[in-house]
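The analysis underlying the following values was restricted to heavy atoms, covering all of them including side chains, and did not include hydrogens, waters or symmetry mates. Since we're looking at a predicted model, the values are computed, not measured.
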Amino acid sequence: MRTAVKTTGEGAAAKPRATHALRTPGGLSVRLDVRAVVVVVLLLVAALAASVVLIGTGDFPIPAADVVRTLMGDGNPGQEFIVNELRLPRVLVGLLVGASLGLGGALFQAISRNPLGSPDILGLGQGATAGALVMIVLFSGSAAEVTMGALMGGLVTGMAIYLLAWKRGVHGYRLVLVGIGVSAIVTAVNGYLITKADLVDASRAVVWMTGSLSGRDWAQVWPLLALCAVLVPLVLANGRGLRMMEMGDDVSNALGVRVERVRMLLMVSAVLLTAAATAAAGPVSFVALTAPQLARRLTRSPGPNLLPSLCMGAALLVTADWVSQRTFGADQLPVGVVTGVVGGGYLLWLLVAERRAGRI
């Protein structure tokens, strides 16, 4: 193992950063940023701790120690039923949805090279919502059909944005502007679908559109877990190419990166992660926008911060769900309301900061 030092910043303000280069007997070298590794570990601990506390929260409170014992198989029958059948699936969906949104947001922000390039701004959440509303309003679809509709809506919207933004490649600002336009159109379509629904379907649709983890069970856990098991390693394996793409397409091509192939692969992965998260919990707002930015500020690393963003998204969503339950009860306030309030405030702060820096 070799320790190296690199600097961040410019001139006298530059600060050393400790990195470790790990070499395997086969000659493979992996460079680890010590601060980023520490941030990932702390975020994982925070997400797991919040999950244990969240599992113990509800009409029948369970101490954290008893939750851990029950998860290890040493609880009494009542605790096992409450933990394993009622609360654990909801928490797992929250972790997976938050991780998917955090990773998807980091991908879009890195590809567009814009801190506003998240699925919330680009309209992917609205596209998935449109697909779900079609199944709810027009076909009175089951939960599985609503999930499939959300996936298809997200994929179609992502494909439309990519094709409309294409012009000898995909430029970051063009992608964001096209996404904002598509988002406005799809939002109008969603409003139209709500007005055409009967009262029962409209109420069901509005609750779903808010973004909620209430009533989630193992039927939502397994498909999302399987998708993450495939896409997360695929995305992380292409992280090096994504970092090189931040230097520009010409430089990346010169370094051997197949830019359009990597960009298409990562965008499809981001769309699938976002659509699957939306299908599982509804359009939970602003997690995809705030998680990558908060992760970058913690790691102080200029790269895409894929793994820290994933962990930050998971920690944010389970914490927001705990706040909503502790403040208003288990089923009174959807988690999307909490993330919307926090994320909206963060978005305003981000716009002011970008304006002061002269970037917008």
Could you note down all residue pairs passing side chain to side chain donor-acceptor pair (under 3.5 Å) where residues 281-298 supplies at least one of them, sequence neighbours left out?
-> Gln109-Gln293, Gln293-Arg297, Arg297-Tyr346
Residue list, salt bridge (Lys or Arg N to Asp or Glu O under 4.0 Å) with Arg261, at least two apart or on another chain | none
Just wondering, do Leu71 and Asn84 contact through their side chains at under 4.5 Å, heavy atoms?
-> yes
Is there a side chain to side chain contact (heavy atoms under 4.5 Å, CB included) between Leu316 and Leu294 once you walk through the steps?
-> CA-CA 10 Å; Leu316 276 178; Leu294 293 176; 4.1 Å; yes
Indicate yes or no: at least one non-hydrogen side-chain atom of Trp218 is less than 4.5 angstrom from one of Leu88.
-> yes
When rounded to the nearest 0.5 Å, the distance separating CG of Leu225 from CG of Leu92 is 8.0 Å
Side chain to side chain contact (heavy atoms under 4.5 Å, CB included) between Leu107 and Leu242: does it pass, once the steps are laid out?
-> CA-CA 8 Å; Leu107 287 172; Leu242 184 61; 3.9 Å; yes
Taking only residues two or more places apart in sequence, or in another chain, which ones meet Ser269 in a side-chain hydrogen bond (donor to acceptor under 3.5 Å, both in side chains)?
-> none
Could you tell me which residues satisfy side-chain hydrogen bond (donor to acceptor under 3.5 Å, both in side chains) with Gln126, sequence neighbours excluded, listed by chain and number?
-> Ser183
Take Thr299 and Asn305, measure what side chain to side chain donor-acceptor pair (under 3.5 Å) needs, and give me the verdict at the end.
-> CA-CA 8 Å; Thr299 61; Asn305 290 284; 2.8 Å; yes
Out of curiosity, Met267 CE to Tyr162 OH, how far, rounded to the nearest 0.5 Å?
-> 6.5 Å
CG of Leu44 to CG of Leu307, rounded to nearest 0.5 Å, is 7.0 Å
Quick one: pull up CZ in Arg326 and CH2 in Trp322 and give me the separation to the nearest 0.5 Å.
-> 5.5 Å
With sequence neighbours excluded, tell me which residues meet side-chain hydrogen bond (donor to acceptor under 3.5 Å, both in side chains) with Asp66.
-> Arg69
More than 12 heavy atoms of other residues, nucleotides or ligands under 6.0 Å from CE of Met135: is that the case?
-> yes
Residue list, side-chain contact (heavy atoms from CB on, under 4.5 Å) with Val189, at least two apart or on another chain | Leu193
